[in-house]
Amino acid sequence: MPAKPILNVALVGYAFMGRAHSNAYQQVGRFFADCPFEVRKKVMVARTAGKLAAAAKTWGWDEHSTDFDAVIARDDIDVVDITTPPNGHYALAKKALLAGKHVLCEKPLAMSVAEAKELAELARKKKRTCGVWHAYRFCPAASTAARICREGRLGTIQHVRGLYLQDWLNDPTVGAGWRTQKRICGSGSHGDLNAHLIDMTRFITGLEFESVNGLARTFVTERPTGDGAGKAKVDVDDAFLFLAQLQGGAVGSFEATRFAPGHKNTNYIEVNGSKGSLRWDFYRMNELQFFSFDDPPHLQGWHGILCSDSAAHPYVGSWWPGGHHIGYEHCFTNMLYDWLHALAAGKPFRPDFADGVAVQEVVEAALDSAKSKQWVKLKRSQKFSGPAPVRTPATAERNAGL
Ligand SMILES: NC(=O)c1ccc[n+]([C@@H]2O[C@H](COP(=O)([O-])OP(=O)(O)OC[C@H]3O[C@@H](n4cnc5c(N)ncnc54)[C@H](O)[C@@H]3O)[C@@H](O)[C@H]2O)c1
């Protein structure tokens, strides 16, 4: 068998997402036999040398560096992957694109619609294959949910209901961090958590947002600083709720908070159509709940579809035998696998930077609405790439070059 082409990756950041992505680079070629590249974990980049060196060693990166510009200038780097907090995304992605690199970036793509659009336009001009790590799309159940919607099994979509609930800031003694400072993260629970719900809504239903009405609340307005010497102002939302009107007359309600005791990472979405409903809860990520009025009346009821069977669901066949569940980290590897195929085939990948713009437009419009206390209509000047294709086992090969 001929050797696979080598793809050298530079990863920026080593913490939560740095570990999730490192794991994906580590596993993709091992589990997906038809991975089109030999992916090399070439350089890990961050600001703090000591912690960086330890993380690079743990995760098997060949080298580590605190000099992003020097890494970008290297001819032997093909891909730059960005896992810094949001205020780092735009400048790093722009430099990488200008240097001709393919770019993967964590969500939200940028701090503003203007920045996100500039990146999407640059990616298009430079003909680079780019992606935003909305990894929840790559849970097999999310693909199945999108397939059910696209097959028309829900009929006309009327409601979307999204919840993303955490509780880690409920305790007022928890210290300030980048997620509580607007200049670093742009917004609080909204950009962090609602961004996922917005992307999942677009992916599962194929519908765009038309207008939004938001409500933001900050429950704890200052928190201890890292050195414990003082207090830092919290200038982002602790909780953010918004209503939405979607294409085709559907309505949506979305809620993100870091103040829901008992909810560590509740990520829930429900879609109701004229013929049926589906609901998905990340705590039971391998299961999709489905109800259909098309079933005979005596059989009507919610039933669970186990999405860890390779005969009917994408990705899982590359992991374990049917029914042997996959977890959070697998979604990142699944996404990477699709992205590598798109790159090899020179085909578009989704979620791309245009999807990043679309999410950012909804995030920003809801923030504007919370401020003005008015409904805000989406401007949507960006040309979207249309509803994302849905991967199924039957179309896996065809979609390999998504
Ligand atoms: N896709 C998902 O499911 C998901 C989940 C969590 C976080 N995220 C996103 O990932 C990004 C990072 O979040 P996290 O939870 O990994 O944060 P984190 O605090 O755990 O890690 C941030 C990393 O960025 C590094 N860093 C910070 N500023 C930097 C700079 N200027 N230059 C270089 N490195 C810098 C830090 O050293 C650290 O390695 C955010 O955009 C967040 O929204 C996505």
Side-chain angles (χ1 to χ4, degrees), residues 10-24 43-56 58-59 61 64-72 80-96 103-112 115-116 119 131-139 142 164 166 168-169 174-200 203 226 236 256 258 264-267 282 285 327-336 339 351 355-356 359-360 363:
L11 174 73
V12 191
Y14 57 77
F16 181 18
M17 284 303 106
R19 295 166 71 221
H21 297 197
S22 292
N23 179 63
V43 199
M44 188 179 244
V45 187
R47 299 164 306 171
T48 321
K51 286 185 183 169
L52 169 64
T58 300
W59 288 100
W61 289 84
H64 53 88
S65 169
T66 53
D67 188 343
F68 179 79
D69 289 338
V71 171
I72 277 289
V80 171
D81 183 359
I82 301 163
T83 74
T84 65
N87 68 333
H89 296 179
Y90 166 76
L92 294 171
K94 186 172 172 179
K95 275 187 193 171
V103 180
L104 285 165
C105 186
E106 261 306 339
K107 47 59 56 176
L109 177 56
M111 295 283 278
S112 68
E115 283 183 359
L119 292 178
V132 182
W133 285 96
H134 279 295
Y136 290 116
R137 283 189 186 206
F138 299 86
C139 295
Y164 206 135
Q166 299 181 339
W168 61 281
L169 277 182
V174 169
W178 69 258
R179 281 184 162 90
T180 61
Q181 293 174 64
K182 191 174 173 185
R183 70 177 176 81
I184 304 179
C185 58
S187 67
S189 60
H190 184 49
D192 199 17
L193 308 178
N194 275 334
H196 283 302
L197 296 176
I198 295 164
D199 184 69
M200 284 290 265
F203 173 59
V236 296
R258 295 155 170 174
K264 301 299 166 193
N265 196 51
T266 295
N267 176 0
F282 177 65
M285 62 167 276
Y328 177 62
E329 73 274 22
H330 299 82
C331 305
F332 291 87
T333 312
N334 294 343
M335 172 174 151
L336 179 62
W339 185 79
D355 289 303
V359 171
Q360 196 75 38
V363 165

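Start at 1 and go down the list; that is how both ligands and their atoms are numbered. Predicted model, so just to flag it, every value in this text is computed and none were measured.
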- Which residues satisfy the salt bridge (charged side-chain N to carboxylate O under 4.0 Å, His left out) test with D67, sequence neighbours excluded? none
- Item | Considering all heavy atoms, the nearest R258-R179 contact | NH1-O, 3.0 Å
- Do N23 and E329 have a side chain donor and acceptor closer than 3.5 Å? no
- Can you see which heavy atom on V12 is nearest to which on T83, and at what distance? O-OG1, 2.7 Å
- Task: Mind checking salt bridge (charged side-chain N to carboxylate O under 4.0 Å, His left out) for D199 and listing every partner two or more places apart, or none if nothing turns up?
- Result: R137
- Note on the structure: For F332, the ring pair (Phe, Tyr, Trp, His ring centres under 6.0 Å) test, sequence neighbours excluded, returns H21, W133, Y328
- Item | Neighbour list for ligand 1 [protein residues, heavy atom under 4.0 Å] | V12, G13, Y14, A15, F16, M17, R47, T83, T84, P85, P86, H89, E106, K107, P108, W133, W178, R179, D192, H196, Y328, F332
